[in-house]
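Working notes, structure below.
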Amino acid sequence: QVQLVESGGGLVQAGGSLRVSCAASGRTFSSYAVGWFRQAPGKEREFVAAITWSGRNIYYADSVKGRFTISRDNAKNTVYLQMNSLKPEDTAVYYCAARWDINSGSYYYTRPQYDYWGQGTQVTVSS
């Protein structure tokens, strides 16, 4: 089992940058595929980015492609989401999620595919 804690959210102006982190407990975090999702007020939680356990394969939602970068440091049990050129429509609570995946090496982009979730971190982009 793994526990996830997001951090790094905050208030930023449009066009600015922010990096959110997802820190995991447990020695085997390197065996987990990880995804970032976000949920704006009154909207469904939506996929943002995903990374395989090794970090070799990455997948982004079209809405963030070219602006956001997902990465991981397995030695630190942490996954990052670097967000550049932020827009007001990026305002949301950002959640990280994980699933055990050492065998397939796949990434996942739907909510039911993940077993563990963090509590979220608020990102607010002002215009």
Side-chain angles (χ1 to χ4, degrees):
Q1 197 164 2
V2 65
Q3 292 183 321
L4 307 173
V5 178
E6 300 95 335
S7 62
L11 174 64
V12 63
Q13 287 190 329
S17 298
L18 206 60
R19 188 178 78 163
V20 292
S21 302
C22 173
S25 63
R27 294 179 299 168
T28 61
F29 184 60
S30 57
S31 303
Y32 286 77
V34 176
W36 282 98
F37 291 75
R38 66 186 182 186
Q39 187 166 17
K43 294 189 175 182
E44 295 275 320
R45 191 172 300 188
E46 65 175 6
F47 168 76
V48 175
I51 189 167
T52 54
W53 68 266
S54 66
R56 289 199 194 100
N57 294 307
I58 288 170
Y59 184 65
Y60 296 100
D62 287 343
S63 58
V64 306
K65 205 173 291 183
R67 300 188 298 123
F68 289 13
T69 302
I70 188 172
S71 62
R72 68 189 299 161
D73 185 341
N74 285 337
K76 295 182 178 180
N77 278 7
T78 303
V79 172
Y80 304 98
L81 185 69
Q82 176 68 43
M83 303 182 289
N84 299 328
S85 302
L86 282 161
K87 306 174 182 179
E89 50 263 44
D90 295 317
T91 295
V93 177
Y94 283 71
Y95 299 90
C96 66
R99 64 170 280 157
W100 174 269
D101 196 60
I102 190 71
N103 293 321
S104 75
S106 299
Y107 51 71
Y108 304 90
Y109 50 89
T110 66
R111 287 158 51 192
Q113 292 175 307
Y114 288 94
D115 301 310
Y116 305 99
W117 292 82
Q119 83 291 347
T121 185
Q122 176 71 46
V123 172
T124 303
V125 184
S126 63
S127 56

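Since this is a predicted model, take the numbers as computed values, not measurements.
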**Request:** Consider only side-chain heavy atoms of I, L, V, M, F, W and Y, link residues closer than 4.5 Å, and tell whether Leu18 and Tyr80 are in one cluster.
**Result:** no
**Request:** Decide yes or no for Val125 and Met83: does some side-chain heavy atom of the first lie under 4.5 Å from some side-chain heavy atom of the second?
**Result:** no
**Asked** For Tyr109, what are the other residues in its hydrophobic cluster, where any two members join if their side-chain heavy atoms are less than 4.5 angstrom apart?
**Response** Phe37, Phe47, Tyr59, Val93, Tyr95, Tyr107, Tyr108, Tyr114, Trp117
**Complete:** Across all chains, not counting sequence neighbours, the side chain to side chain donor-acceptor pair (under 3.5 Å) partners of Gln113 are Thr110
**Request:** Would you confirm whether the ring centroid of Trp100 sits within less than 6.0 angstrom of the ring centroid of Tyr32?
**Result:** yes
**Asked** With sequence neighbours excluded, what pairs up with Gln119 under the side chain to side chain contact (heavy atoms under 4.5 Å, CB included) test?
**Response** Val5, Glu6
**Asked** Listed by chain and number, what are the side chain to side chain donor-acceptor pair (under 3.5 Å) partners of Thr28, not counting sequence neighbours?
**Response** none
**Asked** If you measure from CD on Gln122 to CD on Gln39, what distance do you get to the nearest 0.5 Å?
**Response** 11.0 Å
**Asked** Checking Asn74 side chain against Ser54 main chain: does a donor-acceptor pair fall under 3.5 Å?
**Response** no
**Asked** Which salt bridge (charged side-chain N to carboxylate O under 4.0 Å, His left out) pairs, counting each pair once, include a residue from residues 114-127, with sequence neighbours left out?
**Response** none
**Item:** Lys65: side chain to side chain donor-acceptor pair (under 3.5 Å) partners, not counting sequence neighbours
**Value:** Asp62
**Asked** Out of curiosity, Ser71 OG to Ile58 CD1, how far, rounded to the nearest 0.5 Å?
**Response** 7.5 Å
